[in-house]
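A quick write-up on the structure given underneath.
Both counts, for ligands and for their atoms, begin at 1 and track the order of listing.
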Amino acid sequence: MQVDVLLGLQWGDEGKGKIVDVLCPEYDLIARFQGGPNAGHTLEFDNKKFVLNTIPSGIFNSNTLNLIGNGVVIDPIILKREIDTLADAGYDLLASNNLVISKKAHLILPTHQLLDAASESNMGKSKIGSTLKGIGPTYMDKTGRNGLRIGDIDLPNFKEKYEGLRDKHLRMLGHFGEIPDFQGREEAFFKAIEFLKKIKHVDGEHLVNQYLKEGKKVLAEGAQGTLLDIDYGSYPFVTSSNTTSAGACTGLGISPNKIGKVYGIFKAYCTRVGGGPFPTELDDEVGEELRKQGHEFGATTGRARRTGWIDLPALKYAVMLNGVTDLIMTKADVLDGFDTIKVCTHYEYEGEVIDYMPYDISTISPKPILKEFKGWKQDITSITQTNEIPHSLKEYIDYLEKELEVNITYLSVGPDRKQTIEL
Ligand code: GDP
Ligand code: IMO
Ligand code: MG
């Protein structure tokens, strides 16, 4: 058996949570492989809506086990809150036992968040627009070999280890200026740590490989998107993990030859939240209309998302980096009322026409060359069959498939689980 991977091809918020929830009945295990509570994955079904930050999106299917993999960074306070919220809604994970955490997943400390905030405010205008969840500083401690992991919370010297790292952070914070009070958060942190001892801690790499050996099906759930990848994204306006398919190998402990399908998910247009380059961004009423129709406000921070047309050079790059085998297009319904829809086919960059993302898009912005498509001007939110897809939308899909050289296997026409069509 192999591990299928589902990940975002743009700057995040492509609808990963919704689609993992749709696909999870086919799988025995859903495993998050990177990122942390900077993610906000939204699921809607039976008139209920949930936003998950750390918990994999297979959690509502009682037959699916959910693993928070070693590549994930965990804020105990946020994870406890997520588990409490689900319990209030009738999903008691302590009773159902369908969530496990890799012992090797790193912990976000309250001082990691303070460092994140201090670093961002120190950058002034060139700030990244981080979610301020402490992601960057936690991954820095991981690669700096200073981090604390979930497995450490069961050790007798955990408090000592915690204090050592906290005090190091406090010395660093002293260089930025006054240190905000974090006593309340520290107390909440230890309360949450005690709570997390009730969730099973596992050797995730053994668990996943054992599942494969037994012929069980595993889906790796990505967070963020390809263009936020630490190596290949629009650096430095990126997150601090590998959001691409290679991240599933290191983030779960699976070898590259165990990767099966790679589902690449993208919106029928494009959004970005936070700072950094966005060649197809629309700073006009069309962009405003996309934001309004798509409810483009962050699931984690509530910030307004920047909006623009779909960007083929960027998508081709994402397809290449991830080895995408199946495409999934979401939020097509958001374009229902548009007379025309545009696609960026190439960039004009330093006097040349190019079809790839140049190295330095952070300082020299490429100008998008746009191709126009006729809108379908029809409500598609209740269609369920491929033969109901309007002609103009079919043309749009065919064009994207031809350009990206991969088939679109699912089309999402609304936020609800049921609003998904297999093509
Ligand atoms: P994720 O981070 O990739 O899981 O995506 P988010 O949950 O942050 O953002 C996607 C948003 O779009 C959520 O509010 C979803 O409920 C919503 N959504 C997902 N698919 C569709 C769709 O096909 N149409 C519409 N209108 N909304 C969708
Ligand atoms: P999901 O999984 C959209 C963005 C932030 C910021 C940059 C760095 O819901 O798609 P960080 O908090 O990692 O230091 O922020 O990355 N970002 C996201 N944008 N969706 C996400 O996750 C994101 N996670 C981080 O806005 O620009
Ligand atoms: Mg999101």
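- Listed by number with element, the atoms of ligand 2 under 4.0 angstrom from any heavy atom of Ala223 are 2 (O).
- Ile361 has its side chain within reach of Pro366: a pair of non-hydrogen atoms, C-beta onward, lies under 4.5 Å apart.
- Contacts between Thr131 and ligand 2 below 4.0 angstrom, taking non-hydrogen atoms only, involve backbone and side chain alike.
- Contact analysis puts Val238 in contact with ligand 2, with a non-hydrogen atom separation below 4.0 angstrom.
- Of the residues listed (Arg32, Lys16, Lys18, Glu221), the one engaging Ser57 in a side chain to side chain donor-acceptor pair (under 3.5 Å) is Glu221, and it is the only one.
- Scanning the protein heavy atoms around atom 13 (O) of ligand 2, the nearest turns out to be Thr239 OG1, 2.6 Å.
- Those atoms of ligand 2 with a heavy atom of Val273 less than 4.0 angstrom away are 3 (C), 5 (C), 19 (N), 26 (O), 27 (O).
- Distances from the Mg ion (ligand 3) to the N/O/S atoms of Asp13 are shortest for OD1.
- In terms of N/O distances under 3.5 Å, ligand 2 is approached by Gly40.
- Side chains of Pro110 and Arg166 form no contact here, defined as non-hydrogen atoms less than 4.5 Å apart.
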Do Phe195 and Leu94 pass the side-chain contact (heavy atoms from CB on, under 4.5 Å) test, and can you show the C-alpha distance, the side-chain angles, and the key distance before you say yes or no? CA-CA 10 Å; Phe195 177 81; Leu94 294 180; 4.1 Å; yes

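- Atom numbering of ligand 2 starts at 1 in the shown order; those under 4.0 Å from a heavy atom of Arg303 are 5 (C), 26 (O).
- Under the 4.5 Å side-chain criterion, counting only non-hydrogen atoms from C-beta, Thr409 is not in contact with Leu423.
- Heavy atoms of Gly414 come nearer than 4.0 angstrom to ligand 1 in at least one pair.
- Close N/O approach between Lys133 and ligand 2 is not found [any backbone or side-chain N/O within under 3.5 Å].
- The distance from ligand 1 to the heavy atoms of Glu44 drops below 4.0 Å at these ligand atoms: 16 (O).
- Nearest protein heavy-atom neighbour of atom 10 (C) of ligand 1: Asp13 O, 3.7 Å.
- Here the side chain of Ser102 pairs no donor or acceptor atom with the backbone of Gly69 at under 3.5 angstrom.
- Nearest-heavy-atom check against atom 5 (C) of ligand 2 across Ser234, Gly298, Gly129, Gly275 picks out Gly129.
- Residue contacts with ligand 2: Gly8 is excluded, as none of its non-hydrogen atoms falls under 4.0 Å.
- Protein heavy atom closest to atom 15 (C) of ligand 1, with residue, atom name and distance, is Thr42 CB, 3.9 Å.
- Put simply, the side chain of Leu165 reaches to within 4.5 Å of the side chain of Asn146, judged on heavy atoms.
- For ligand 1, the atoms closer than 4.0 angstrom to any heavy atom of Gly17 are 4 (O).
- Which parts of ligand 1 touch Arg305 is read off a 4.0 Å heavy-atom cut-off, strictly below it: atoms 8 (O), 9 (O).
- The closest side-chain heavy-atom distance from Asn322 to Val319 is not below 4.5 Å.
- For residue Ala223, no N/O/S atom approaches the Mg ion (ligand 3) to within less than 2.8 Å.
- By heavy-atom distance, the residue among Pro415, Ala39, Ser412 lying nearest atom 16 (O) of ligand 1 is Pro415.
- For ligand 1, the polar-atom distance check against Gly15 finds a nitrogen or oxygen pair separated by under 3.5 Å.
- Between the side chain of Glu82 and the backbone N or O of Thr54, at least one donor-acceptor pair lies under 3.5 Å.
- Regarding atom 24 (N) of ligand 1, its nearest protein heavy-atom neighbour is Asp333 OD1, 2.7 Å.
- Residue-ligand proximity, Lys16 to ligand 2, at heavy-atom distances under 4.0 Å covers atoms 1 (P), 2 (O), 10 (O).
- Annotation: Asn387, atom CG; neighbour count of heavy atoms from other residues, nucleotides and ligands within 6.0 Å is above 12.
- Heavy atoms of Trp11 found under 4.0 angstrom from ligand 2 belong exclusively to the backbone.
- Interface atoms of ligand 1 facing His41, defined by a heavy-atom separation under 4.0 Å, are 1 (P), 2 (O), 4 (O), 7 (O).
- Residue Ser130 places at least one N or O, backbone or side chain, under 3.5 Å from an N or O of ligand 2.
- For the pair His201 (side chain) and Leu196 (backbone), a donor-acceptor distance under 3.5 Å is present.
- Taking the ring axis of Phe45 as reference, the NZ or CZ atom of Arg417 stays within 45° of it and closer than 6.0 Å to the ring centre.
- Among the atoms of Asp13, some N or O lies under 3.5 angstrom from an N or O of ligand 2.
- Under a 4.0 angstrom heavy-atom cut-off, His41 registers as being in contact with ligand 2.
- Residue Gly40 has at least one nitrogen or oxygen atom sitting less than 3.5 Å from a nitrogen or oxygen atom of ligand 1, judged on distance alone.
- Close contacts between ligand 2 and Ala39 involve ligand atoms 1 (P), 2 (O), 9 (O), 22 (O) [criterion: under 4.0 Å to a heavy atom].
- Contacts between Leu43 and ligand 1, counted as non-hydrogen atom pairs separated by less than 4.0 Å, are absent for every part of the residue.
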Run the side-chain contact (heavy atoms from CB on, under 4.5 Å) check on Leu327 and Leu404 step by step: do they pass? CA-CA 9 Å; Leu327 288 165; Leu404 298 171; 3.8 Å; yes

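- The aromatic ring centroids of Tyr347 and Tyr356 lie 6.0 Å or more from each other.
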Should Tyr399 and Phe373 be marked as a ring-ring contact (aromatic ring centres under 6.0 Å, His included) after you check the CA-CA gap, both sets of side-chain angles, and the distance that decides it? CA-CA 10 Å; Tyr399 175 76; Phe373 285 80; 4.9 Å; yes

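- Within the listing of ligand 2, atoms 27 (O) sit less than 4.0 angstrom from a heavy atom of Gly274.
- Polar contact with ligand 1: absent for Lys18 (N/O pair, distance under 3.5 Å).
- Contact analysis leaves His295 out of contact with ligand 1, as no non-hydrogen atom separation drops below 4.0 angstrom.
- The residue Arg272 has no part lying near ligand 2, judged by heavy-atom distances below 4.0 Å.
- The nearest heavy-atom contact from the protein to atom 17 (N) of ligand 2 is Leu228 CD1, 3.8 Å.
- Closest to atom 23 (C) of ligand 2 among all protein heavy atoms lies Gln224 CG, 3.6 Å.
- Using 4.0 Å as the threshold, Gly136 has no heavy atom nearer than that to any atom of ligand 2.
- Of the candidates Glu14, Glu296, Lys331, Lys267, it is Lys331 that places a heavy atom closest to atom 21 (C) of ligand 1.
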